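Worksheet: the structure to be examined is printed underneath.
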Protein chains: 2
Amino acid sequence: MSTSEQTGTDATTQQKRPAKRVSLQTVERLSVYRKVLEELDRDGVENIHSHDLAGLVGVTPAQLRRDLASFGTFGNISRGYNVYQMSRTISRIMGTDETQSVALFGVGDLGRALLSYRGFEERGFHIAVAFDVDGEKVGRVFAGRRCYHVDHLETVLREFDVRMAILASRPEGLQALVDRVCGSGVQAILNFVPKRVSAPGGCHLEETDIASKLEMLSFLAHTDATAAHTASLEPGEPAEGMTA
Amino acid sequence: MSTSEQTGTDATTQQKRPAKRVSLQTVERLSVYRKVLEELDRDGVENIHSHDLAGLVGVTPAQLRRDLASFGTFGNISRGYNVYQMSRTISRIMGTDETQSVALFGVGDLGRALLSYRGFEERGFHIAVAFDVDGEKVGRVFAGRRCYHVDHLETVLREFDVRMAILASRPEGLQALVDRVCGSGVQAILNFVPKRVSAPGGCHLEETDIASKLEMLSFLAHTDATAAHTASLEPGEPAEGMTA
DNA sequence: CTACGACTGTGATTCTATTCACAGTAGCTG
DNA sequence: CAGCTACTGTGAATAGAATCACAGTCGTAG
Ligand SMILES: NC(=O)c1ccc[n+]([C@@H]2O[C@H](COP(=O)([O-])OP(=O)(O)OC[C@H]3O[C@@H](n4cnc5c(N)ncnc54)[C@H](O)[C@@H]3O)[C@@H](O)[C@H]2O)c1
Ligand SMILES: NC(=O)c1ccc[n+]([C@@H]2O[C@H](COP(=O)([O-])OP(=O)(O)OC[C@H]3O[C@@H](n4cnc5c(N)ncnc54)[C@H](O)[C@@H]3O)[C@@H](O)[C@H]2O)c1
């Protein structure tokens, strides 16, 4: 950033630099920064230095500053960052400064747990509506949210102005569901169903495979438990067979 | 790998190369490879080429081969990889070739959803035991698993030979819980509680913050929705204040 | 008012991950 | 049985992320 107009920086200055490609890892960390900043704000802390904040979230000060720099200048030299301001700024960057409506697909065990979870509201998300195919569930109200039949998702999604969705349904027909959801204006999907699907262009899809996380942990536990990790392979016999 | 003894490679050959530091990202992908390989196996596919498998999981063929090469040689030239063998090998690498016992802490909405989920068994994990502090829940049986009081975790964990744990409790006293759990021989923890904790050395800890995933998705949706992403910042006034 | 100490933002550097590209080889064909 | 094709495993090249280190700035203290 240029040395001039330090005090006079206005939004336009930053808007002129949208080209900065910011990595997903940076965004993930931003989320953590904000969480910590909110705690600090609650504790009455007003300003904090990169060194201290970095210590709290477990990254290096350099990385923290670099992450923030992706979005422009907003620290005040020798006073550090304003906790409240920065928390709000990160919210705005992520689009969570105003509560967003989210749709839930699949009101099973997991879906109901998500519906009754109160932690989303604090982070700027509101599950506004649920969908299912089960006649037992359609029409009922779960934790204050009505459950509609998937057949009507197009009209209902637009009615509630939903742009994000959570999938907690079943693997069958998941791709078709994704296509319909994306076609109805949803731009981002969080998928809990352990099935590989792809979203059409312009729609972001994020997988959350819990079993996969456990596998990773299992690997880590096994590799440094058995010192020189015996996690070798067993090439076995060439296994003569047909070609795929 | 040397060109010799292609057919005669035995486990010891690989065990001599434990120095290969394999990245977490590689392990994450291994998990996906295995999932796809199991589907292929069910479909009767016996062999597959790196190109085809890579296409199915959404990575480049080079990356797939590189990932596998971290663990040694196990493709057969011009026949590709043996689907069943490779699936088993990856399981062994991750330590999921034999079912592992997992402990669950916190039998709330989320905890019960996890307990009733049948997908873990297929991936080599079995939630063998649950813990809570709520008198209403302690002593009861949920989906076949008994719920013990957290006070007795040390003895119960050893009894069930548990080396992995899932946290779905509450933020209060979480660090203390982690310390006790790690002290009882647990080597890996999957944490759903949105609170920053650290594990003592030798114990791996993985966070799964669902709201954080939503934030990431929100960011992505907002940034390429508003073309030249207006996600600028608002430096605001210098905000004179105390030092942190 | 000047000199100092400390902090941010960032160019340069190091480290890591991914991709390229090819040597070497197995199977297949005629 | 020789020649061809297409694949794997891997060194080399590239791209990307994290870290180092410092110039420039601000507040403060004397
Ligand atoms: N329960 C868990 O702890 C857990 C953990 C990880 C992943 N998952 C995955 O999340 C998903 C939901 O898990 P669950 O335990 O709640 O399963 P569940 O079977 O209890 O619930 C699934 C619900 O989705 C509904 N459904 C099926 N097809 C649908 C469709 N096309 N559109 C909308 N709704 C549909 C069903 O009627 C049912 O109510 C599953 O795919 C599961 O693999 C669950
Ligand atoms: N429900 C969700 O969809 C969801 C989503 C994301 C994260 N989470 C997080 O997962 C955790 C559990 O969520 P929930 O909705 O089931 O909450 P919950 O309040 O329904 O259940 C929490 C359970 O943990 C028990 N508990 C409290 N302290 C404990 C301790 N020290 N040891 C063992 N058990 C203890 C409580 O008695 C209760 O039964 C929460 O921290 C929540 O923030 C939940």
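Below, chain A is the first sequence line, B the second, and so on; all start at residue 1. Just so it is clear, the structure is predicted and the values come from calculations on it, not from any experiment.
- We find that CD1 of B/I77 is positioned 18 Å from P of D/dT5, with the value rounded to whole Å.
- Atom CD1 of B/I48 is separated from atom C1' of D/dC7 by 14 Å (rounded to the nearest Å).
- An OP1 or OP2 oxygen of C/dA6 is reached within less than 4.0 angstrom by no side-chain nitrogen or oxygen of A/S78.
- With C/dC7, D/dG9, C/dA26 as the choices, the nucleotide that has an atom nearest any side-chain atom of B/T73 turns out to be D/dG9.
- Under 4.0 angstrom from either OP1 or OP2 of C/dT18 there lies at least one side-chain N or O belonging to B/R29.
- Between the CG atom of A/N82 and the C1' atom of C/dT8 there is a distance of 15 Å, rounded to whole Å.
- Heavy atoms of A/S23 sit under 4.0 angstrom from primed sugar atoms or phosphate atoms, though from no base atom.
- Using a 4.5 Å heavy-atom threshold, the side chains of A/L64 and A/V57 count as separate.
- The nearest whole Å value for the distance from the CG atom in A/N47 to the P atom in C/dA6 is 18 Å.
- Considering only side-chain N and O atoms, A/T60 lies nowhere under 4.0 angstrom from the phosphate OP1 or OP2 of D/dA18.
- Considering only side-chain N and O atoms, B/R66 lies nowhere under 4.0 angstrom from the phosphate OP1 or OP2 of C/dT19.
- The closest side-chain donor-acceptor pair between A/Y33 and A/D67 falls under 3.5 angstrom.
- With hydrogens and angles ignored, no donor-acceptor pair closer than 3.5 Å exists between the side chain of A/R21 and the base of D/dG16.
- Mapped onto DNA chain D by nearest heavy atom, B/R65 and A/L24 fall at different nucleotides, with B/R65 at the one closer to the 5' end.
- With 3.5 Å as the limit, one finds no donor-acceptor pair spanning the side chains of A/E121 and A/T99.
- Positionally, the nearest nucleotide of DNA chain D for B/S50 lies more toward the 5' end than for the other of B/S50 and A/A62.
- Regarding contacts with the backbone of D/dC20, every side-chain N or O of A/Q63 stays at 4.0 angstrom or more from both OP1 and OP2.
- Between the side chains of B/T96 and A/E215, no donor N or O sits under 3.5 Å from an acceptor N or O.
- For the residue pair A/R163/A/S101, the side-chain donor-acceptor check at 3.5 Å is not satisfied.
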